[in-house]
Amino acid sequence: MKTITILIPAYNEEESLHLLYKRMTEVTAGLPEYDFELLFINDGSRDRTMPIIKELREEDVRVSYVDLSRNFGKETAMIAGFDHSKGDAVIILDADLQDPPELIPEMIKYWEQGYDDVYAKRRSRAGESWMKKTTARLFYKTLKKISQVPIQENTGDFRLLDRRCVEAIKQLRETQRYTKGMFSWVGYNKKEILFDRDPRISGETKWNYGKLFDLAVEGLTSFTTAPLRLSSLFGVGVSFLAFLFMIWIIIKTIAFGEPVAGYPSLMSVILFLGGIQLIVLGIIGEYLGRVFNETKKRPLYFVDEYNNQKVSNQPFNS
Ligand code: UDP
Ligand code: MG
């Protein structure tokens with residue numbers, strides 16, 4: 001019998017867990033030919049998320065959990081889940097029920113047909129503001145244009161991954177993770193299915209615009225060095241123009257003389273170039289920061305407890 005791991009990262013999700021479990025059991029009841037592992041990753045929740053997961057585990061042996069030592073963010077929670085998953089396939093599901101578990105049978109159907117990565121694409125984004133939709137669209141458009149990796153638009157982390165995709169992603173141990181790009185980067189056979197994304201069942205999204213901006217920078221800097229290239233090109237362009245300007249000044253001075261003045265042009269050139277230099281330094285800094293973070297080679301996360309056992313050594317953090 002094949003095992004399927006449902007990977008559920010949860011951060012302060014006390015209100016939705018019971019309903020999520022209920023809907024999951026209904027879905028799994030319709031799929032008796034598979035073993036399920038409901039793997040919750042408690043990402044340092046400060047509410048009753050952990051006790052609720054433990055209660056669920058007492059009632060149902062299929063429930064297991066990884067309790068992280070603090071809040072590491074969803075990206076890290078997911079790699080912790082991959083490291084601990086046992087299934088032949090892993091399905092990533094948000095704890096807030098924005099990803100309908102009812103889609104799982106369809107995902108499994110395509111998996112059985114031989115697809116390795118069945119991802120759910122949003123047809124609509126109910127409950128999300130116009131601003132969020134527009135910024136998301138713009139971001140994907142830019143990222144797609146300048147990075148070499150095709151990134152699926154309007155697709156979250158809700159997807160089924162075959163074991164070999166999971167093993168591939170497990171080898172990507174970078175600390176600043178942009179998992180959505182990694183799914184594309186590792187390749188394998190992909191299949192898209194469409195769904196309507198529901199609004200959150202309760203509570204608030206943990207993403208604010210600041211965090212989304214961070215994620216956007218993450219996505220850009222971890223998948224393309226195009227901004228570096230762009231700044232070099234810009235530098236070449238500006239120097240070329242400056243060179244032409246210099247020749248023009250020399251000729252002008254020789255031909256007509258120079259009655260000094262020129263404060264406005266001097267000032268504008270200095271300010272303009274100063275601005276460009278700061279931007280370019282900032283871009284270099286972004287990449288340097290990433291290099292710095294990766295060279296520290298820290299483990300990605302620490303586990304406090306795994307399935308009722310306190311964890312002291314960290315076998316999964318290679
Ligand atoms: N999540 C997490 N750690 C965090 C933030 C979120 O594990 O630091 C989980 C959260 O519990 C949920 C999923 O990631 O299951 C998606 O989070 P959220 O609903 O806030 O994001 P959105 O749906 O708005 O993209
Ligand atoms: Mg959500």
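None of these values were measured; they are calculated from a predicted model. As the structure lists them, so they are numbered: ligands from 1, and atoms in each ligand from 1. All residue numbers in this chain count up from 1 along the given sequence.
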> Is it true that Phe158 and Phe195 have ring centroids separated by less than 6.0 Å?
Replying inline: yes
> Taking only heavy atoms of Ala10, which atoms of ligand 1 are found under 4.0 Å from at least one of them?
Replying inline: 7 (O), 11 (O)
> Can you tell which part of Asp43 has a heavy atom less than 4.0 Å from ligand 1: side chain, backbone, both or neither?
Replying inline: side chain
>> Parallel, tilted or perpendicular, judged at 30° and 60°: which one describes the rings of Tyr115 and Tyr110?
In response: perpendicular
> Is there any N or O on Leu93 that sits under 3.5 Å from an N or O of ligand 1?
Replying inline: no
>> Measuring only between side-chain heavy atoms, which start at C-beta, is Glu106 closer than 4.5 Å to Leu103?
In response: yes
>> Going by side chain to side chain contact (heavy atoms under 4.5 Å, CB included), name the residues that satisfy it together with Ala77, two or more places apart in sequence or in a different chain.
In response: Pro9, Ile41, Asp43, Leu68
> How are the rings of Trp111 and Tyr34 set relative to one another: parallel (under 30°), tilted (30 to 60°) or perpendicular (over 60°)?
Replying inline: tilted
> Step by step, would you call Val90 with Arg163 a side chain to side chain contact (heavy atoms under 4.5 Å, CB included)?
Replying inline: CA-CA 7 Å; Val90 175; Arg163 176 51 43 192; 4.1 Å; yes
>> Does ligand 1 come near enough to Ala95 that some N or O of the ligand is less than 3.5 Å from an N or O of the residue?
In response: yes
>> Regarding Asp96, does it place an N, O or S atom less than 2.8 Å from the Mg ion (ligand 2)?
In response: yes
> Which atoms of ligand 1 have any heavy atom of Pro9 under 4.0 Å away?
Replying inline: 7 (O), 9 (C), 10 (C), 11 (O), 12 (C), 15 (O)
> Looking at residues at least two apart in the chain, or sitting in another chain, which of them share a side chain to side chain donor-acceptor pair (under 3.5 Å) with Tyr119?
Replying inline: Glu192
>> Can you tell me which portion of Asn71 lies within the under-4.0 Å heavy-atom range of ligand 1? Options are side chain, backbone, both, or neither.
In response: side chain
>> Heavy-atom distances under 4.0 Å decide this one: backbone, side chain, both or neither, for Gln98 against ligand 1?
In response: side chain
> What atoms of ligand 1 come within less than 4.0 Å of a heavy atom belonging to Glu13?
Replying inline: 10 (C), 11 (O), 12 (C), 15 (O)
